[in-house]
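Every number for a ligand or one of its atoms is a count from 1 in the order of the listing.
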Amino acid sequence: MDKRTFVKSVLLGVAGVFASGMAVKAASNRKKWDGTFRMPELPYSVDSLAPFADGETVRLHLQHHASYTDGLNAAVIAAGLNGRTAHELMRMASEYSEDIRNYCGGYVNHKLFWRVLTPTPGLKPAQVLLNAIDRDFGSFDAFKEKFNQTARSVLGSGWVWLIVDSSGKTKVTFTPNHDNPVMDVAEVRGFPLLCLDVWEHAYNIKNKNRRSDYVDAFWNVVNWDVVSRRFQSASKLNFNLS
Ligand code: MN
């Protein structure tokens, strides 16, 4: 098995377990997924993330998310792909249209974004994640600096990520537009743990184009419980963390 195939199969495994976990949950809570992508409910109020993002920014942002969701539903139907999960679509993004790639990424990336944010202060990464970050970046501060620098220096719209790759290494990456590190078109592939939207619509109301202030405020609203859980789930799936 070559490296690319290996990476692909690990990511398939990760996505598969997540998909089946979701299916089990769906079966117990509600009826089987009907193939329609839906907006998640925000687990906090639209005003509660300020000063990172004020209510007006979050509402605008949710409108974008809703339009990506509608666009994705229309695009999969038009392409005869309804019933495919978002992970399935992302893993084979190179084989589908630009519309599917962009709408699917826009839909999934925002869904994760809302989940990795929280108004609850004082959450900390789990020790196992801290250990990996220390090993891979030198220190937690060095990781933050790398993430901040990436977010501040990239040109144009996109997303900054903390990912774990198939060897268990944590990395900071950037994807342009609405690409996602699970996509086969991503330059650096891996399982997303944390993401930051650096499209202008994410910060230009509150911060008046000061991306730097937006990036600094991000660290006060990261939901490290969710990020740590994602890392631990990924690490159970054949990721060697030693
Ligand atoms: Mn956005």
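A distance-only check finds a donor-acceptor pair linking the side chain of S228 to the backbone of W224 [under 3.5 Å].
Under the 6.0 Å cut-off for aromatic ring centres, H61 and H110 qualify, their centroids lying closer than that.
Note that CH2 of W219 is 6.0 Å distant from CG of N148, once rounded to the nearest 0.5 Å. For the atom pair T120 OG1 and N223 CG, the distance stands at 7.0 Å (nearest 0.5 Å).
Its N, O or S atom nearest to the Mn ion (ligand 1) is what matters here, and for D197 that atom is OD2.
At a threshold of 2.8 Å, the Mn ion (ligand 1) has no backbone or side-chain N, O or S atom of H64 nearer than that distance.
Here the Mn ion (ligand 1) is the vertex; the NE2 atom in H61 and the NE2 atom in H110 give an angle of 100° (to 10°).
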